Amino acid sequence: MKLATRRRAALGAVATSLALVGGVIVAAPASAGTISRIDPGTVFNTNASQALTLTAQSTFLTGNVTLTRQGSAGDSITAAFTPTGPPLNKVTTDPINFSDGGTTFETDGPANPGIYDVTVEGDTPTSPSGAPKDSCTGCFTVASPSVPTLTGISLAGVAQNGAANDVTFSGSSFARGTVIEFLQNGVVDPTINANQPPVIGTTTTTNGVTTTSMLRRKVTVGASSVRGPRDVRVRNADGVTSAVCSACFTVNGAPLTSTTPTGGTNNPAPATPTVTITFRGTSLNSATGTATLALVYVGDAGSSTKNDLTITAQSNTTVFASDGSNASAEFDLRNAAPGVGAYQPTITRTDGSVNACTCRFDVLQATPPAVTGVSPKTQQAGSTQKVTVTGTNFSRGVRVSFGAGLTTTAVEFVNDKQVNATVAAASSAAAGARDVAATSTDAKTGTVCKACYTITSGASATPTATMSPSATPTATMTPSGSCRTASVRINGDRTINATGKASVSIINAAPNSRVELQGYSQNHAGDQNFNNDPTPVDRVGTADSSGTLTFNDIGPSSNTRFRARQVGCSYGDERAVLEVRATESLIVKRNGTRLYTFSGRSIPAREGGLIVSLYRITGTACKPGVNPSSCPGEKFVGQARAVALGQPGEGLYSITVRFPARDQNVRDEFVVKTGRDAQNAPGRSNVRSLLIY
């Protein structure tokens, strides 16, 4: 945790005494005193900022205060300290943050719970380490508000091959020194190393990322580790542990190396219905029936789920080589979903452990699917119905499309000549003939059935009356409001932070009509308009008696243009644009003489990442939302690209700066900013004050 970022020269005189040395009177440092009281004596590690009152038996309290947790000399909290108040009752003017959540790859996170010793060290510009110290032992406590909990692990298993794997642990009441423990039969498993810095990002320190609710670590499992499930728990520095997460992690077997053959075809009528596939690796010995061989589908699943497309070996054909070098089984590839590299060979054992392969298995389809007919052939706009599609070369996962305004919500594979599709026609779907096409999971489309499906108009919006034998008229439907050109109004500020919400109203609609709101991102590909955007309607609701409907929870991650309409009517104009300001954070760490790392995160995080620039405030600071080029009072220092990493993407960045010698003992303020682009408005972080030494 970044609980201190600087050390400043003392602003008061250091207490001295006079001594005769070699006939010359010189000033000598005063003897060390004791701190008799700290108020408050206990702070929860959820306390974001706390000034401490130190009562001492000497008047030396000036310089830097250090809180050192007993039992760990390296676990300390420091802050610059300028005394205020009476001589024997001094207050830190640089409050200490005990709950810093942090987002960089360093020893970050809330302060460790435990008992601390307190030292105040005298500080002068010329001899900061030679001055005496005031101290007290065991006089300060950092407490955790509750027992830590472990609620989730981002990776359920790791292979026993010593490879590094980034794993995120979720829960609550984590602290800076919280460690993860993997248990086997109730004892910590020494073959699993779970408390290393993550692989991604900056890894110059030891503990990875820590916040109260998240730990990110690099986990490695040794080759000697026993395959199978492990219990997991977390332990805070004061020894308090979470409840055990039972069998929520698995030690997997060593990775497979290859298969023979490396692919096959999904011919629906081969001469031999199954294909023998051999999985190769090490230590695969197992009696028949204790492990399952499978080709796990990892490609584009089309209209199915990946689980539905996974191919499992015939269980009575599995054979393991006595030397553990391979395992073979028969697989039925008929009508399998096609795709190059679409399947991952795996062996899953009864203990839950897995041998997986970085290699992939291909399934090829010689001829793309073709549609020859549909039944029924017509559908009314605004309805949903099941349609039988006939043709040739259908395979599992095949998609079927019916044109604009029609959505295929499910496709049931029957055989290579028939699938059943559930088709939903929007109320706005245009009447007329439609082509029907089928696309396999390897993205190939064959012959299209031209104009073989027809959409008819929905029920009339005009009420009609029918006469009963008693001559009493009966209305068959309730009339809806006539079409009006609805428009969108952004309420309040048209620029919000990326983590904030906006209020948007649809206005000028017919009273009590059903209305739809749609938006698209400004950085969308192509022409940057709704015709190029496949995004469905974002919000639907009913207008009030004045034709207005308001949504107060709009939270896009990038600049967004809105439009609205009454259901079944045309959209209004596209003038309403909501700008989204990128949100940056800034923390600072000293790595050496005049060497500092400025880091944090930039939200929204996206592939490629935003450009984050570091500025030194030398004059009047700019306001949020102002382009960096319009800020003459801020001097550019350096920049980096925020990388979309984390759970979810955290937009992490890091800028390392070595200041020149002329900056020694200079104090300035720093800020990071992003400029305007097609996706975001300019963003600006918190300001950090820094004494360079």
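As the structure is a prediction and not an experimental result, all values here were calculated from the model.
- Of the possible donor and acceptor atoms, one in the side chain of Ser585 sits under 3.5 Å from a partner among the backbone N and O of Arg601.
- Tested against Val251, the residues Ile192, Val226, Val354 include a single side chain to side chain contact (heavy atoms under 4.5 Å, CB included) partner, Ile192.
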- Query: Given the rule in the side chain to side chain donor-acceptor pair (under 3.5 Å) test, do Ser173 and Ser146 qualify, once you have shown the distances and angles that lead to the verdict?
  - Reply: CA-CA 6 Å; Ser173 297; Ser146 60; 2.7 Å; yes
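- A side-chain donor-acceptor contact under 3.5 Å links Thr317 to the backbone of Glu330.
- Evaluation of the side chain to side chain donor-acceptor pair (under 3.5 Å) rule for Thr348 yields no partner, not counting sequence neighbours.
- When the side-chain contact (heavy atoms from CB on, under 4.5 Å) test is applied to Thr282, the partners found at least two apart in sequence or on another chain are Ala254.
- Applying the ring pair (Phe, Tyr, Trp, His ring centres under 6.0 Å) definition to pairs two or more places apart or across chains, those involving residues 324-358 are Phe279-Phe331, Tyr297-Tyr343.
- Pairs passing the salt bridge (charged side-chain N to carboxylate O under 4.0 Å, His left out) check and including a residue from residues 290-311, sequence neighbours excluded, read Asp300-Arg399.
- Side-chain contact check for Asn355 versus Asn252: every heavy-atom pair is 4.5 Å or farther apart.
- The backbone N or O of Leu333 lies less than 3.5 Å from no partner atom in the side chain of Asn266, so there is not a single donor-acceptor pair.
- Contact annotation: the side chain of Val419 never approaches that of Val414 to less than 4.5 Å [non-hydrogen atoms, C-beta and beyond].
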- May I have the step-by-step check of side chain to side chain donor-acceptor pair (under 3.5 Å) for Ser440 and Asp442, ending in yes or no? CA-CA 5 Å; Ser440 56; Asp442 59 356; 2.3 Å; yes
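- No donor-acceptor distance shorter than 3.5 angstrom exists from the side chain of Gln184 to the backbone of Arg230, with no hydrogens or angles considered.
- In this structure, Asn112 contributes its side chain and Gly177 its backbone to a donor-acceptor pair below 3.5 Å.
- Remark: side-chain polar atoms of Gln365 are paired, donor with acceptor, to backbone N or O of Asn393 under 3.5 angstrom.
- Put simply, the side chain of Ser602 reaches to within 4.5 Å of the side chain of Thr674, judged on heavy atoms.
- With sequence neighbours left out, Asp238 forms a side-chain contact (heavy atoms from CB on, under 4.5 Å) with Pro113, Asn236, Val240.
- At least one donor-acceptor pair under 3.5 Å links the side chain of Thr372 to the backbone N or O of Thr390.
- For residues 226-262, the pairs satisfying ring pair (Phe, Tyr, Trp, His ring centres under 6.0 Å) are Phe182-Phe249, with sequence neighbours left out.
- At least one donor-acceptor pair under 3.5 Å links the side chain of Thr259 to the backbone N or O of Pro261.
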- Item | Check against side chain to side chain donor-acceptor pair (under 3.5 Å), Ser172 and Thr149 | CA-CA 5 Å; Ser172 62; Thr149 62; 2.5 Å; yes
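- In this structure, Arg334 and Pro273 have side chains that are in contact, with non-hydrogen atoms separated by less than 4.5 Å.
- Between the side chain of Thr178 and the backbone N or O of Ala175, at least one donor-acceptor pair lies under 3.5 Å.
- Annotation: side chain of Pro145 is in contact with side chain of Asn45 (closest heavy-atom distance under 4.5 Å).
- For Thr257 (side chain) and Arg280 (main-chain N/O), a donor-acceptor pair under 3.5 Å exists by modelled atom type.
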